[in-house]
Amino acid sequence: MTDVQLIIGNRNYSSWSLRAWLALRKSGAEFETVLLPLDTPEFFDKIGDYSPTGRVPVLWHDGVCIWDSFAIAEYVNETFAGGQLWPEDAASRAMGRSMCAEMHSSFPEIRNRMPMNCRARQRIIETDDALQQELERVWTLWLDSLTIHSDAGPWLLGNFSIADAMFAPVVLRFRGYKVDLPADIQAYCDHVLADDHLGEWLDGAAQENWIVEADEAGVDAE
């Protein structure tokens, strides 16, 4: 057992758990994953042992508890990744953090109407003005960042960063729901989906047999 524990919900549904887990995997740190299946007696019996909020994800390291996915990613970057999960350029870091903060606090239509389901494929969804506006905002964020950092690499800020971890569940939503994507956006999604660590998460999701009707709303934290 390592001194690093990440408590997550179902891989298939828990978008916030994915964000924290992906940052940890990219850091190279050794850690134990504790999965508590959402909306089950097991979850409610055990979550109080790990989480001060009753939600996931939660990171424990040497007695330190971090219970927010963005905060977990920042802690992982500082503690295990040597700062490599953000670019050296201050403007790029600021851009990435701004994107993450917007993802953290915005896009209610995408969250509520396109809940993450890793096993879903091309589900039909009615796109109204409110949802379309949010989709286009995501595309603008990505295209602006990809264009600025195109010389540095294929990720949002050139190399993989916390920004890519924060938006990975949105990529999975675009795969799971029938959304016509601009070519540049599709290319970025294809790159993310080809990532070995995300593939590891998806393999785990495919093996789960839990069904959660209420998507990520209940006990999946920020």
Side-chain angles (χ1 to χ4, degrees), residues 1-47 49-51 54-61 65-73 75-77 80-81 85 103 110-111 114-123 155 160-177 188-222:
M1 180 181 295
T2 73
D3 62 354
V4 183
Q5 274 190 329
L6 181 69
I7 294 80
I8 66 171
N10 311 51
R11 290 178 177 85
N12 191 56
Y13 301 107
S14 186
S15 62
W16 294 105
S17 295
L18 168 57
R19 293 173 167 107
W21 182 91
L22 194 55
L24 260 174
R25 286 294 282 123
K26 292 297 183 182
S27 76
E30 293 186 8
F31 63 99
E32 176 189 6
T33 300
V34 178
L35 191 155
L36 300 181
L38 302 175
D39 294 345
T40 64
E42 178 185 356
F43 184 94
F44 294 110
D45 285 346
K46 295 182 178 180
I47 188 61
D49 296 334
Y50 298 105
S51 173
R55 294 172 177 264
V56 290
V58 183
L59 179 71
W60 281 92
H61 175 228
C65 176
I66 306 99
W67 60 90
D68 173 276
S69 58
F70 195 8
I72 290 171
Y75 182 87
V76 165
N77 182 51
F80 304 118
L85 295 182
M103 178 69 255
I110 292 176
R111 296 181 198 278
M114 301 171 62
M116 190 179 87
N117 185 323
C118 295
R119 298 190 293 260
R121 294 292 186 279
Q122 292 294 288
R123 291 183 173 180
W155 298 96
F160 181 91
S161 71
I162 292 172
D164 299 291
M166 291 293 287
F167 279 102
V170 180
V171 171
L172 294 177
R173 284 172 162 96
F174 289 164
R175 184 183 71 160
Y177 295 84
Y188 172 69
C189 290
D190 291 343
H191 176 72
V192 174
L193 291 168
D195 179 72
D196 288 343
H197 291 139
L198 183 60
E200 181 183 340
W201 177 276
L202 294 176
D203 287 344
Q207 296 172 26
E208 295 175 353
N209 55 14
W210 300 289
I211 302 295
V212 178
E213 299 295 338
D215 66 69
E216 64 180 323
V219 284
D220 192 17
E222 298 292 291

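The pair Arg19-Asp164 does not meet the salt-bridge criterion, since no charged nitrogen lies less than 4.0 angstrom from a carboxylate oxygen.
Between atom CG of residue Leu36 and atom OG of residue Ser14 there is a gap of 10.5 Å, rounded to the nearest 0.5 Å. The line from OG of Ser51 to CZ of Phe43 is 7.0 Å long, rounded to the nearest 0.5 Å. One finds the OH atom of Tyr177 at 12.0 Å from the CZ atom of Arg121 (value rounded to the nearest 0.5 Å). The line from CZ of Phe167 to CZ of Arg173 is 11.0 Å long, rounded to the nearest 0.5 Å. To the nearest 0.5 Å, the span separating CE on Met116 from CZ on Arg11 amounts to 11.0 Å. For the atom pair CZ (Phe44) and CG (Leu38), the distance works out to 8.5 Å, reported to the nearest 0.5 Å.
Contact record, Leu22 with Leu198: CD1-N, 4.2 Å, taken as the closest heavy-atom pair. Leu6 and Pro57 get closest at one heavy-atom pair: CD1-CB, 4.3 Å. Nearest heavy atoms, Pro169 versus Leu18: CG-CD2, 3.9 Å. What you find for Arg175 and Cys118 is that their closest heavy atoms are NH2-O, 2.9 Å. For Leu85 against Ala81, the heavy-atom pair with the smallest separation is CG-CB, 3.8 Å. Here the closest non-hydrogen pair linking Val56 and Gly9 is CG2-N, 3.7 Å.
Surrounding CD of Gln122 are more than 12 heavy atoms belonging to other residues, nucleotides or ligands, all under 6.0 Å away. For Asp196, the CG atom counts as loosely surrounded, since its 6.0 Å shell holds 12 or fewer non-hydrogen atoms of other residues, nucleotides or ligands.
Checked against a 6.0 Å centroid threshold, the rings of Trp21 and His197 do not count as neighbours.
With hydrogens and angles ignored, the 3.5 Å screen pairs no side-chain donor or acceptor of Tyr50 with any backbone N or O of Ile7. Glu208 contributes a side-chain N or O that, together with a main-chain N or O of Asn12, makes up a donor-acceptor pair within less than 3.5 Å.
Two residues are said to be in side-chain contact when any heavy atoms from C-beta on lie closer than 4.5 Å; Leu59 and Val4 meet this criterion. The shortest distance between side-chain heavy atoms of Cys65 and Val58 falls below 4.5 Å. Side-chain contact between Trp210 and Leu35 is present, with heavy atoms from C-beta onward closer than 4.5 Å. Taking the side chain as every heavy atom from C-beta outward, Leu202 and Leu172 approach each other to under 4.5 Å. Residues Asn117 and Arg123 meet the side-chain proximity criterion, which asks for heavy atoms closer than 4.5 Å. Contact of the Trp201 side chain with the Arg25 side chain is not registered, since no non-hydrogen atoms from C-beta on lie closer than 4.5 Å. Between Ile8 and Trp16 the shortest side-chain heavy-atom distance does not fall below 4.5 Å. Contact check for His61 versus Tyr75: side-chain heavy atoms found under the 4.5 Å cut-off.
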Residues Met103, Phe70; criterion side chain to side chain contact (heavy atoms under 4.5 Å, CB included); working and verdict
CA-CA 10 Å; Met103 178 69 255; Phe70 195 8; over 6 Å; no
Assess the residue pair Trp155 and Asp195 against the criterion (side chain to side chain contact (heavy atoms under 4.5 Å, CB included)); give the C-alpha distance rounded to whole Å, side-chain angles, the decisive distance to 0.1 Å, and a yes or no.
CA-CA 11 Å; Trp155 298 96; Asp195 179 72; 3.9 Å; yes
